[in-house]
*Asks:* 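Okay, here's the structure, questions in a sec.
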Amino acid sequence: MVRLNPSAYNKAHLLLTLVLCISSFTLTEPLETWILLIVCCATIIRFSLFMNWQKHQISLRTLNLLAILSAIVLATFGWQLGLLLGMLNLLVLASSLKLMLLASRRDYFQLISIQFFLIGTGLVFNQNIAFSLLYGALTMMLLLSLAFHISPVNTWSGQIKRTGKLCLQAVPLCIMLFLVTPKLGPMWQMPVGKGGETGLSDKVTPGDLSQLARSSDLAFRVNFDDDIPVMSERYWRALVLEDFDGKSWQVAPFRERIRQRYQRTNHIFTPRTSGPGIAYQVLSEPSKNPWLFGLDLAVTRDNTIWQGREYQLISRYPLQSGISYRVRSYTQAPLLPDVELLDRRLNLQLPEQGNPRTREWAANLRQRHDSDKAFIGAVSNYFQEQEFRYTLNPSPMPTNAMDQFLFEDRAGFCVHYAGAMAYALRLGGIPARMVTGYLGGEMRGEEYMSVYQYDAHAWVEWLSENGWQRLDPTALVSPLRLEFGLQRAVEYEDSFMQGSALSRLQQLAWVNELRMLLADMDYLWSRWILGFDRDNQEDMLKALLGEVTPLRLALAGAALVLFTALLLAIYQYKHWLVIRHSSPAYYYHKGLRLLERSDIERPRWMGPQDFNSLVQQQQPAHVARQFDKMTRCYLRSSYETRDDAEQQILKKRMRFLLAKLKKALKKKPPAKRQGF
Amino acid sequence: MQAKIQQAVNQISKVILGKEQEIKLALTCLLAGGHLLIEDLPGMGKTTLSNALARVFGLGFSRIQFTSDLLPADMLGVNIFNTQHQVFNFHPGPLFNQVVLADEINRASPKTQSALLEAMEEHQISLDGETHALPSPFFVIGTQNPEHQAGTYPLPESQLDRFLMRIQLGYPSWQAEKDMLRQPQQKEVEKLQPVISPTSLIELQQQISEVHASDDILDYILRLVTYSRESEKFPSALSPRASKALLQAARSWAMVNNRDYLIPEDVQTVLPAVAEHRLRSALAEHPAQTSLSQWLLEQVDPLAA
């Protein structure tokens with residue numbers, strides 16, 4: 001006889017497989033590719049078993065071999081992933097191998113619980129509304145799989161209805177837990193994923209930002225309290241790059257070391273501010289990098305954010321998940337260097353070789369112009385007078401990039417201009433540095449402003465007597481870039497979002513509206529669900545309870561429990577009422593329960609008359625007599641009479657008989673004399 | 001009326017010793033107007049029982065011994081050309097009797113089986129475009145050997161369904177068999193007197209339809225059939241025809257026990273006879289398993305609210 005494989009037509013197994021497959025593919029970033037391949041294999045194996053294309057499972061020996069091999073591979077390559085990612089990879093690998101093996105109930109339940117855990121893990125990595133909905137759906141699929149496991153013959157629609165009902169019942173509980181469970185701070189720090197980083201980078205080689213400009217991902221959102229600065233004033237500072245090695249600009253290692261020392265000693269920097277300030281809230285998207293965004297001069301009181309001495313904001317934890325923080329910007333306050341000597345020394349550093357033509361040109365210019373201002377003016381003039389062009393597709397500049405850019409190509413984008421300018425200023429003996437961040441931002445209705453990755457920008461700062469001054473050479477070449485954003489500046493160049501269908505789609509009004517709607521929803525999601533932290537919780541409790549005291553909290557908890565009980569009662573009352581009304585049967589069942597206590601239980605399939613004869617045999621006569629009366633009364637009411645009026649009489653009689661039965665049961669049977 | 005039934009039971013018990021329950025079930029089946037299938041090994045008294053049943057009801061009785069070469073015409077009758085009057089005259093076959101004993105029904109070819117089962121269902125036969133009504137009341141008592149025996153054509157499930165009940169006699173008890181051996185070598189069956197006249201039979205059947213089935217009983221029957229449909233354990237589930245049959249048989253049983261209302265025990269008593277052959281075609285196929293209907297009974301609580 002051929003034993004069918006347990007997965008043939010088993011919908012529970014198929015659903016489980018689908019969930020594992022989908023949830024693994026939402027984790028493409030933290031998971032290794034070869035593990036995803038194994039997941040695919042397991043899925044295909046399960047699927048073919050389900051469809052009965054394949055009748056037999058993989059033999060245990062093959063699987064063991066595969067398991068050992070993959071364990072070795074994971075051990076060799078996985079150790080540099082770090083604990084969390086390593087463990088996640090191991091978990092997915094193990095569960096896909098188990099899935100290939102799945103035969104017994106135990107395996108199935110193991111896999112189901114692992115899946116629930118994996119979905120929870122998925123929420124650590126992906127938190128936006130679409131993923132949250134997807135994970136919700138996956139959880140429902142798992143429940144559906146469990147339902148099919150328990151009653152395999154039920155129809156799809158019936159099972160879906162049942163699981164749906166269960167999930168709906170869980171919703172109030174879920175909301176309550178969301179609102180009242182204590183919000184803990186992050187308990188561990190997320191490691192940086194293996195994938196390429198989007199957003200800015202702490203090292204800029206001209207050519208890098210070209211790729212960025214084409215990304216339409218969201219960088220962050222801003223919620224202004226009242227005034228909104230004009231587009232050309234919205235320079236969102238993210239990073240200050242002070243180290244130049246002739247090719248790339250990067251954050252000065254020395255600056256980094258100082259910051260770490262200050263952070264260890266918790267030596268907090270309070271910038272001197274003056275003039276009016278604008279207040280706003282920033283909702284940052286996850287970027288795996290610590291730097292944050294603010295308009296100059298940005299000050300924050302948030303203690304998870306480090307106020308840098310070069311006026312940048314740095315999160316103490318990488319932005320693995322989006323965070324929100326409040327900032328106040330003093331746009332008119334000067335950016336005074338904290339330790340001027342240090343700033344000067346750092347920002348006059350020059351590579352010793354390379355770019356001979358630029359060096360010569362700068363030296364000539366410096367000779368002709370004495371004052372710093374005049375020199376800067378001359379450099380700016382050069383950009384304006386020569387035929388410089390703004391493009392997102394510059395030709396590569398492998399050696400002596402500055403020479404090639406300034407004297408041959410004369411085409412590039414913000415990083416090229418900012419890099420060349422800062423280099424030229426340093427050659428002329430003026431402390432200068434490159435600042436990267438975002439410029440602009442798009443208003444979404446009245447509500448908030450979105451800043452996208454394509455708004456990334458770079459500009460120059462030079463040190464004057466009044467502190468650091470902003471200088472944007474890109475503005476000299478392409479004023480449109482400042483006033484109307486990147487989209488207008490490169491309007492005639494199709495490099496903007498080349499290949500992405502977005503530019504074409506944006507022309508359709510409804511697509512645009514839909515995009516806005518989605519953006520709005522995502523905003524609300526991050527604002528209210530992901531951003532619901534301990535402060536919000538306390539605010540909510542305060543709003544509800546007034547002052548938060550343990551007594552009030554306890555009372556509120558009790559009220560909540562009572563409320564839930566009330567809801568349940570309303571839901572169930574019909575059921576209870578039916579039993580109370582339906583009367584004689586109710587008393588009969590009570591009588592059965594009484595008998596159960598004196599150790600005679602009705603087998604659940606037994607009819608009343610048969611049970612009565614059992615009682616007659618096994619119980620003392622005075623009990624049996626009462627029960628016999630009761631049974632007869634019950635038979636009459638449930639099966640014999642067609643008269644509703646009689647039911648009332650029978651009900652009374654049943655109540656009376658029940659009381660008598662109770663009494664009879666209490667009475668001890670006459671004790672037998674014990675002979676010697 | 002009850003006395004008459006009891007009398008009938010007593011009469012039959014004289015020839016089939018120690019099988020009161022089975023005799024009562026057989027009576028129940030006939031009172032309910034259903035056909036009866038008796039399945040057992042040869043020599044267990046199947047033929048005797050059916051013969052006795054026909055006699056106590058005082059009905060016309062015929063016996064058809066089914067063999068593999070029996071043709072439908074042998075059973076239904078034929079049209080024979082009357083040369084005197086130049087017309088075809090219908091000569092009714094043995095089927096035109098009130099009680100027909102179809103002995104060893106599974107030995108006949110499927111063609112003959114079908115002809116019989118059609119007659120059972122329709123209470124009439126069609127021959128050469130003419131319809132001939134069968135006498136009323138019309139009972140068929142089929143007997144069959146367990147199907148593992150050689151030279152049998154097992155009845156398909158759809159045809160088994162036509163029989164209201166299937167009962168098994170089983171070996172008699174020690175004492176009953178001893179008593180049987182003591183009996184004089186006489187044809188006891190032939191001495192049986194009719195106790196229930198055809199008219200009172202119709203009266204009884206009328207009374208059966210008046211037996212009260214409360215909502216609780218209907219729910220219990222529905223729970224039973226639904227369970228058989230939802231569980232995977234049963235090769236075939238109970239159809240609506242089966243639930244109707246169950247109710248009818250239970251009513252009849254209540255009547256035999258002198259009650260004009262149904263209690264769960266009625267359903268429980270008739271269920272094995274009514275349901276077993278509908279749940280599974282033959283016991284012989286799964287000899288190791290216990291009775292499916294018994295298992296079904298144990299799964300469903302008759303008193304559940």
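Here the structure is a predicted model, which means the values were calculated and not measured. Throughout, a chain's letter reflects where its sequence line sits, starting with A, and its residues are numbered from 1.
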*Asks:* Where does A:P608 contact chain B at under 4.5 Å (heavy atoms): side chain, backbone, both or neither?
*Replies:* both
*Asks:* Heavy-atom distances under 4.5 Å only: say whether B:E265 touches chain A with side chain, backbone, both or neither.
*Replies:* side chain
*Asks:* Under a 4.5 Å cutoff for heavy-atom pairs, which residue among A:Y639, A:Y588, A:Y634 has the most contacts with chain B?
*Replies:*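 Max contact count across the listed options: A:Y639.
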*Asks:* Can you see which heavy atom on B:H212 is nearest to which on A:T641, and at what distance?
*Replies:*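 Between these two residues, the closest heavy atoms are NE2-O, 3.8 Å.
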*Asks:* Within the supplied structure, the quantity of interest is the number of heavy atoms (other residues, nucleotides, ligands) at a distance under 6.0 Å from B:Y171 OH; does it exceed 12?
*Replies:*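 At most 12 heavy atoms, drawn from other residues, nucleotides or ligands, come within 6.0 Å of this atom.
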*Asks:* What residue in B:V267, B:I217, B:V211 has the most heavy-atom pairs under 4.5 Å with chain A?
*Replies:* B:I217
*Asks:* Determine yes or no for a side-chain-to-main-chain donor-acceptor pair under 3.5 angstrom, with B:R107 supplying the side chain and B:Y153 the backbone.
*Replies:*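 It does not hold such a pair.
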*Asks:* Which answer fits B:I263, side chain, backbone, both or neither, if we ask what part of it has an atom under 4.5 Å from a heavy atom of chain A?
*Replies:*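 Answer is both: backbone and side chain atoms of B:I263 are under 4.5 Å from chain A.
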*Asks:* For residues A:H149 and A:F109, establish whether the separation of their ring centroids is below 6.0 Å.
*Replies:* yes
*Asks:* Using the benzene-type ring in the case of Trp, are the ring centres of A:H13 and A:F50 under 6.0 Å apart?
*Replies:*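 For A:H13 and A:F50, the ring centres are not under 6.0 Å apart.
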